[in-house]
Every structure is written in C-alpha cells, then in structure tokens.
Amino acid sequence: MLSKKDENTRLDFIRQIVAEDLKTNKWNGRVVTRFPPEPNGYLHIGHAKSICLNFGIAAEFGGRCHLRFDDTNPEKEEQEYVDSIIEDVHWLGWDWGEHLYYGSDYFEQMFEYAVRLVEKGKAYVCDLTAEQTRQYRGTLTEPGTESPFRNRSIEENLELLERMRAGEFPDGSRTLRAKIDMAHPNLNMRDPVMYRIVHAAHHRTGEKWCIYPMYDWAHGLEDCVERITHSVCTLEFENHRPLYDWFLDELGVYHPQQIEFARLNLTYTVMSKRRLLQLVQEGLVGDWDDPRMPTISGFRRRGYSPEAIREFCKRIGVNKFNSTVDIALLEHCLRENLNKTSPRVMAVLRPLKVVIDNYPEGQVEELDAVNNPEDPAAGTRKVPFSRELYIEREDFMEEPPKKFFRLAPGREVRLRYAYFVTCTDVVKDAKGEVAELHCTYDPATRGGDAPDGRKVKSTLHWVCAERSLEAEVRLYDHLFTKENPDDVAEGMDFKSNLNPNSLEVLTSCKVEPSLAEAKPLSRHQFERLGYFCVDPDSSEGRLVFNRTATLRDTWAKIQKAQERRK
RNA sequence: UGGGGAAUAGUGUAACGGUAGCACGACUGACUCUGGAUCAGUUAGUCGGGGUUCGAAUCCCUGUUCCCCAGCCA
C-alpha cells in the first residue's frame with residue numbers, strides 16, 4: 001500500500017500545481033477546469049487524454065469541469081461535430097452538469113472588451129491585406145515593421161470597429177489588432193489580429209456577426225468569463241501564453257493560469273484531425289467511426305470500453321515533452337477490463353465440419369457452460385451439442401508440427417464443456433483440402449472431465465452445426481504498417497504506410513445460439529479467439545461482429561518463431 | 001542564425017541533494033477444461049563533458065539532440 005507521501009509525490013506536475021494552489025488558497029478553494037474542443041471534427045484518443053485530465057482533476061479536487069465549444073471559426077465548424085463531441089465525452093463517463101458553454105455565447109462581451117482595449121489605445125483597426133500583414137510581421141530572426149495604420153486615433157478606430165461589425169467592409173479588408181510590439185522576439189506578440197471579417201453563417205449565431213474573434217483573443221476571455229482556475233492546454237500554446245496573459249492584464253480582469261502539457265502520440269496511429277479527415281474524405285476508411293480509427297466513436301464501435309480508455313489515460317501520465325506511447329499499453333488496458341467484464345461465448349470463425357460417428361443421430365443435448373470464469377455472478381448458460389459440429393480450421397492439422405497440441409489424426413482433445421473426442425478419419429475434397437473430420441466421443445467424459453483422470457493436451461471451442469447462427473465477423477489490424485506512419489520514403493506521405501490488411505471480412509462464421517439476442521455494441525469474448533463487439537450494421541437475423549482485440553496467443557508466437565527458424 | 005520548451009531501460013512514467021522504482025513489452029518457468037486469465041522470475045536506464053558536494057537524475061557551467069512559433073486556423 002502507498003503511504004500518503006507516496007501518493008502525493010505521484011501526482012503529475014499539473015495536479016501538483018492544483019494541489020499547491022489549494023494549499024495556498026490561491027483561488028479561494030475553487031478548482032475549475034474546462035475541456036474546450038473546436039467543433040470541427042470528431043474527438044480522438046488524444047482528446048481523451050485531455051478530457052480525463054481536465055474532468056479528472058475537477059473530480060479529484062472537488063471542483064468542476066466545463067465542456068466548452070471553442071466555436072470562433074464559422075467556416076470550419078458544424079453542429080454535427082458538436083453533437084458527436086457531447087456524445088463522446090458522455091460515453092467516456094464524464095459529466096459537466098449545467099456547465100455546457102459556447103465561446104460564441106460570449107461574442108457580445110468580447111466585443112465590449114475589444115472596445116475597451118481600443119479606448120485604452122491598445123488596439124487598432126488595420127487595413128493591411130493578409131499578405132501585407134505577413135510581410136510586415138518580419139521573420140524569426142528579423143523584427144517586423146509597424147503597420148501604417150497603427151497610429152490611427154482612438155475615435156477613428158472606434159468608428160471603424162463599429163463599421164466592421166456592421167458589415168460595411170468585405171472579407172479580409174480590415175482587422176482589429178492588438179498594439180503590442182512589432183519587434184518582439186515572440187512572433188505572437190507582433191500586433192496579433194484580434195478580429196477578422198468573415199461574412200459566413202455561424203452554426204449557432206447565424207448571420208448575427210460578420211467579424212469573428214481569433215483564438216488568442218477569444219480563449220483567455222472565455223476562461224475569464226467562466227472563472228476557470230487552471231486553463232490546461234497542449235504544448236504548442238506555450239508560445240501564446242504571454243499573449244493570453246497580456247490581454248487579461250491589459251483588461252485588468254480575472255486571470256486564470258494557463259498550463260501546457262504534451263499531446264498524446266500512439267504507435268501505428270495518426271492523430272491529427274487534418275489527417276483523420278483526409279482518411280474519411282478519401283474513402284480510405286468507412287467514416288469517422290470506422291473501427292480502425294483512433295476516434296472515440298471508432299473505439300466505441302470497435303468494442304473498447306470507456307473504462308479501458310480512462311485507465312489508459314491514467315497510466316500514460318502527463319508531461320511536457322513529446323513521447324509516443326506504445327499502442328500495446330492501450331490494448332493491455334483493454335484486455336484487462338474486457339477479461340473481467342465480457343461474457344464468454346463460443347464462435348467458430350473458419351468452420352471445419354466434424355461428425356461424431358458414435359453419437360446418436362438426431363440427438364441434441366444441452367450442456368452447461370460458464371459465462372465468465374472471472375465473475376462467478378455471471379452464472380452459466382446452456383449450449384447445444386449434437387452429432388455434427390464445427391470447429392476452427394486452424395485447430396486441426398493433418399501433420400502436426402512440434403508443440404501443436406490441438407486435434408490431429410488419432411489424437412484426443414477436449415471439446416470445451418462437452419466431451420473428449422478422438423479424430424478417426426479425415427475427408428478431403430477434390431482439391432485435396434480437408435473437408436470434414438470424423439471423430440468418436442467418450443460418453444464418460446460428459447461435461448469435459450475424464451473419470452479415469454486421463455489428460456488431454458488441449459481444449460477446443462466448437463459450435464453445434466444445426467443450432468448455430470451464421471454471422472459476419474470483421475477482423476481488424478493496425479491501420480498502418482509502421483510504428484510511425486510518418487516514416488515514409490522521399491516524396492510519399494503517411495498514406496503510403498496504410499496497412500492493406502487492416503480489415504478482413506469473414507462471412508460464414510458460426511456462433512452459438514445464445515447470441516441471437518445480442519444487442520448492438522454489446523461485448524463478448526469468443527473463447528480462445530478474442531473480444532468481439534456487435535456492430536450496429538447488424539439487423540434482425542444478420543449478426544455482424546467486430547473483433548475488438550485478440551486474446552494473447554502463445555501458439556501464434558511459437559508458430560512465428562518456428563517460421564523464423566526455417 | 002530570434003524566441004519559447006524539453007531530454008531517465010525498447011516504450012511510457014516516478015524519484016523534488018541521500019538505495020534509480022513502477023507499468024507495458026520481450027524472454028523463462030509454474031498453474032490451467034480458453035495455448036486466455038493468474039502467479040513467480042529474467043532482461044534493460046539517468047544525452048555528452050566539466051564542476052559544486054561526504055553524496056548529483058536532481059544544483060552550476062558547457063556542449064549535443066529533439067519539439068513549437070513567421071494563419072485574417074485552433
């Protein structure tokens with residue numbers, strides 16, 4: 001067990017700051033964080049890190065966390081994204097109560113603050129074109145040049161700003177800029193744009209506005225209005241913090257503390273919204289919720305549980321340097337959770353027919369099977385057994401290599417929860433492929449135990465031929481073949497590393513009848529195969545499963561090693 | 001070549017001047033009616049060079065490498 005000191009020292013650097021602020025009463029005991037997505041795409045596992053950080057801190061320190069849409073760019077944002085984000089954050093298990101906000105709700109107040117800055121002589125209307133603004137900004141090593149409009153009178157600025165708002169000027173013709181320092185070594189401080197003119201309909205404010213605030217101007221004010229205490233964001237905003245501070249200080253208003261942390265990178269995964277959008281738009285995946293996508297909706301459809309994702313976010317930690325987490329850790333958290341929670345079931349992906357020659361024709365018996373050995377409360381169910389069964393093709397080999405313990409001619413194995421069977425004959429088709437197996441069973445081993453104490457080397461899963469259900473099963477693998485999808489040849493992009501085998505569809509799988517009523521998105525373990533989730537594509541009488549993850553497969557490892565030796 | 005950040009096993013993280021620890025992975029072995037799970041063990045690390053100190057991952061100097069910034073995106 002951890003001592004109290006150990007627990008405290010294990011806090012990440014952000015939680016340490018929050019804990020310290022609580023101790024010194026910096027914010028009068030308040031802890032208010034926020035998750036501020038722009039509704040211009042679907043949430044991904046990288047956002048989950050931020051979500052768990054912000055909502056987690058609020059929950060752990062007795063504060064609250066706001067869900068706020070940072071919707072200041074009408075050209076990229078859509079209601080569809082708002083809806084999906086709300087659904088995803090909820091699904092992950094977090095709740096913001098009444099604290100659902102939109103940056104656009106503060107547009108009027110932001111404008112008033114802008115007027116104040118103009119009145120203070122700290123902002124001005126600039127007529128430079130975008131191109132000119134860029135040229136005047138200077139470079140990383142050379143200072144910028146002051147805009148010729150920088151010293152307009154306060155009266156003129158005020159009048160022009162009102163006329164900007166009134167829609168008198170075309171897109172891009174003018175901006176409102178902060179008057180800071182064109183020679184500042186931090187480019188963000190070289191008279192940054194606060195408002196641009198965009199005659200576009202906004203998904204919430206409609207046609208009301210034709211000027212929209214820039215991120216730097218809007219974000220601090222949103223935090224300010226909501227009385228955020230700790231404004232947690234990613235590393236690339238570190239350069240913007242001086243500006244965040246400048247705006248709030250010049251206005252003399254409530255001033256949260258911005259803290260930056262490193263975004264999540266995952267092996268075999270691309271994470272930027274831009275590239276995920278590209279995959280969707282170019283039809284390289286089904287949609288945002290394609291089970292191969294690292295989106296929250298993709299993971300949900302794939303069969304991941306919110307608990308697994310939250311545990312993952314807890315384990316990866318929080319830091320200020322870039323790192324790439326091994327996707328195996330995510331998969332570990334997944335299996336750890338699903339192992340404890342998923343009901344077991346038998347399903348055969350690539351069926352091979354087996355006839356039990358000495359079993360009575362026409363007889364069907366119901367055998368007891370354990371639903372979840374990790375959870376006795378899950379109880380048992382009946383599975384039908386009869387003369388004709390299906391087993392997995394790869395569970396039989398005519399000429400078994402060393403360490404292959406499964407079925408082979410003359411060999412006895414156990415059919416899980418059923419009987420010991422011995423393979424007596426192999427029937428082949430015209431092409432010489434194994435078409436059917438004949439076995440005998442030992443009636444004394446009913447249930448799977450031999451009264452004489454004899455052992456078998458392996459236990460196979462199976463389904464009753466007559467009573468099984470047909471199903472489609474979609475097998476997934478990593479979307480990319482390289483740990484780092486950006487590791488590409490000259491002139492190529494990440495798409496050249498797409499895994500052509502990331503999806504394999506199996507259409508004539510056989511599953512046990514208890515699955516007839518399985519609900520969409522319900523998760524099951526197919527014994528010896530992996531975790532599978534009912535895809536929403538399923539319909540009455542047509543079951544479709546997604547493979548969420550395989551079970552750890554020792555035999556596959558041995559096989560690989562054997563092949564390598566050849 | 002301006003400014004801002006950052007470097008700890010293969011990977012992710014802890015240690016806040018006092019035994020470099022944990023997790024994932026990999027590899028052994030035990031157990032098992034899932035070749036699952038579980039359990040036990042092995043593996044392997046402080047970016048380099050100086051200094052301060054009884055003692056440095058930690059403090060100082062210096063070098064190296066990596067990330068971010070020149071949108072009227074966020």
From the set B:G35, B:G36, B:C72, return the single nucleotide nearest to any side-chain atom of A:Met214.
B:C72

Walking RNA chain B from its 5' end, the first of A:Leu140 and A:His240 to be reached, judged by nearest nucleotide, is A:Leu140

Report which part of the nucleic acid A:Ile558 touches: base, sugar-phosphate, or nothing (heavy-atom distance under 4.0 Å, all strands).
base

So that I know where these two stand, are A:His240 and A:Tyr244 an aromatic pair - ring centroids less than 6.0 Å apart?
no

Is the shortest side-chain N/O distance from A:Lys320 to OP1 or OP2 of B:A7 below 4.0 Å?
no

Length of the CG-C1' vector between A:Leu460 and B:G36, whole Å
14 Å

Side chain of A:Ser323, heavy atoms from C-beta onward: which of B:U13, B:A70, B:A74 has the nearest atom to it?
B:U13

Under 4.0 angstrom, heavy atoms only, what part of the nucleic acid is A:Gln525 near: base, sugar-phosphate, or nothing?
base

Do NZ/NE/NH1/NH2 and the carboxylate oxygens of A:Glu222 and A:Arg68 come within less than 4.0 Å?
yes

Would you say B:G12 has OP1 or OP2 under 4.0 Å from some side-chain N or O of A:Thr324?
no

To the nearest Å, how far apart are A:Ile327 CD1 and B:A26 C1'?
18 Å

Ignoring hydrogens and angles, answer whether the base of B:U13 and the side-chain atoms of A:Arg315 contain a donor-acceptor pair closer than 3.5 Å.
no

Determine whether any donor atom in the side chain of A:Asn239 lies under 3.5 Å from an acceptor atom in the base of B:C68, or the reverse, and answer yes or no.
yes

Counting Watson-Crick and G-U wobble pairs only, both distances under 3.5 Å, name the nucleotide matched with B:G41, or none.
B:C27

Atom-to-atom span, OH of A:Tyr136 to P of B:A70 - whole angstrom:
20 Å

Candidate list A:Asn157, A:Leu176, A:Thr175, test side-chain contact (heavy atoms from CB on, under 4.5 Å), partner A:Tyr124, passing option:
A:Asn157

Is any side-chain N or O of A:Thr141 closer than 4.0 Å to OP1 or OP2 of B:G3?
no

Under 3.5 Å, side chain of A:Glu77 to main-chain N/O of A:Gly41, donor-acceptor pair present?
no

Rounded to whole angstrom units, what separation is found between the CD atom of A:Glu336 and the C1' atom of B:C39?
15 Å

Answer with yes or no after comparing the ring centroid distance for A:Phe299 and A:Tyr304 against a 6.0 Å cut-off, counting only values under it.
yes

OP1 or OP2 of B:A74 less than 4.0 angstrom from a side-chain nitrogen or oxygen of A:Thr72, does that happen here?
yes

Within the distance-only criterion (no hydrogens, no angle test), does the side chain of A:Thr295 pair as donor or acceptor with the backbone N or O of A:Trp288 below 3.5 angstrom?
yes

Please determine, for the side chain of A:Glu236, which listed nucleotide (B:A26, B:C16, B:C68) has the closest atom?
B:C68

Kindly say whether, by distance alone, the side chain of A:Glu374 makes a donor-acceptor pair under 3.5 Å with the base of B:G36?
yes

Across the strands shown, which category fits A:Asp70 at heavy-atom distances under 4.0 angstrom: base, sugar-phosphate, nothing?
sugar-phosphate

Phosphate oxygens OP1/OP2 of B:A23: is one of them under 4.0 Å from a side-chain N or O of A:Lys314?
no

Can you measure A:Ile316 atom CD1 to B:U11 atom P for me and round it to whole angstrom units?
17 Å

Can you tell me how far C1' in B:U28 sits from the matching atom in B:A44, rounded to whole Å?
16 Å

Length of the line joining A:Ile180:CD1 and B:A70:P, which is rounded to integer Å:
16 Å

Considering only side-chain heavy atoms of A:Thr459, which listed nucleotide, B:G10, B:G35, B:G71, is closest?
B:G35

Sorted by position of nearest nucleotide on RNA chain B, 5' first, the leading residue of A:Arg137 and A:Tyr531 is A:Tyr531

Nearest-Å distance, CG (A:Asp216) to P (B:A74)?
9 Å

Pairing partner of B:U8 (Watson-Crick or G-U wobble, both distances under 3.5 Å):
none

Using a 4.0 Å heavy-atom cut-off, does A:Lys403 contact any base of the nucleic acid, only the sugar-phosphate backbone, or nothing at all?
base

Would you mind reading off the distance between A:Arg241 atom CZ and B:C68 atom C1', rounded to a whole angstrom?
13 Å

Picking from B:C72, B:A7, B:C24, which would you name as closest to the side chain of A:Phe321?
B:A7

Is it the case that the base of B:G35 and the side chain of A:Arg406 share a donor-acceptor contact (distance under 3.5 Å, atom types as modelled)?
yes

Side-chain N or O of A:His461 closer than 4.0 Å to phosphate OP1/OP2 of B:U34
no

Below the 4.0 Å mark, does B:U34 have OP1 or OP2 next to a side-chain nitrogen or oxygen of A:Asn372?
no

C1' spacing across the pair B:A6 / B:A57, given as an integer number of angstrom
15 Å

Side-chain contact check for A:Arg134: nearest option of B:G4, B:G71, B:G2 is B:G71

Residue matched to B:C47 through Watson-Crick or wobble contacts both under 3.5 angstrom
B:G63

With respect to the side chain of A:Glu527, which nucleotide from B:G25, B:U34, B:G36 is positioned closest?
B:U34

Taking only side-chain N and O atoms of A:Arg196, does any of them lie within less than 4.0 angstrom of OP1 or OP2 on B:A74?
yes

For B:A37, does OP1 or OP2 lie under 4.0 Å from any side-chain N or O of A:Arg552?
yes

Can you tell which of B:U13, B:C24, B:G2 lies closest to the side chain of A:Asn319?
B:U13

Nearest-neighbour nucleotide for the A:Arg416 side chain, B:U34, B:C73, B:A74 considered
B:U34

Are A:Trp217 and A:Phe247 close enough that their ring centers fall under 6.0 Å?
yes

Using a 4.0 Å heavy-atom cut-off, does A:Asp449 contact any base of the nucleic acid, only the sugar-phosphate backbone, or nothing at all?
base

Of the candidate nucleotides B:C72, B:G3, B:G4, which contains the atom at the shortest distance from the side chain of A:Asn186?
B:G3

Can A:Glu392 and A:Arg406 be said to form a salt bridge (Lys or Arg N to Asp or Glu O under 4.0 Å), step by step?
CA-CA 10 Å; A:Glu392 209 65 60; A:Arg406 284 112 94 142; over 6 Å; no

For this output row, return yes or no: ring centroids of A:Tyr81 and A:Tyr42 closer than 6.0 angstrom.
yes

Would you check if A:Phe405 stacks with the base of B:G35, given a 5.5 Å centroid limit and a 30° plane limit, both strict?
yes

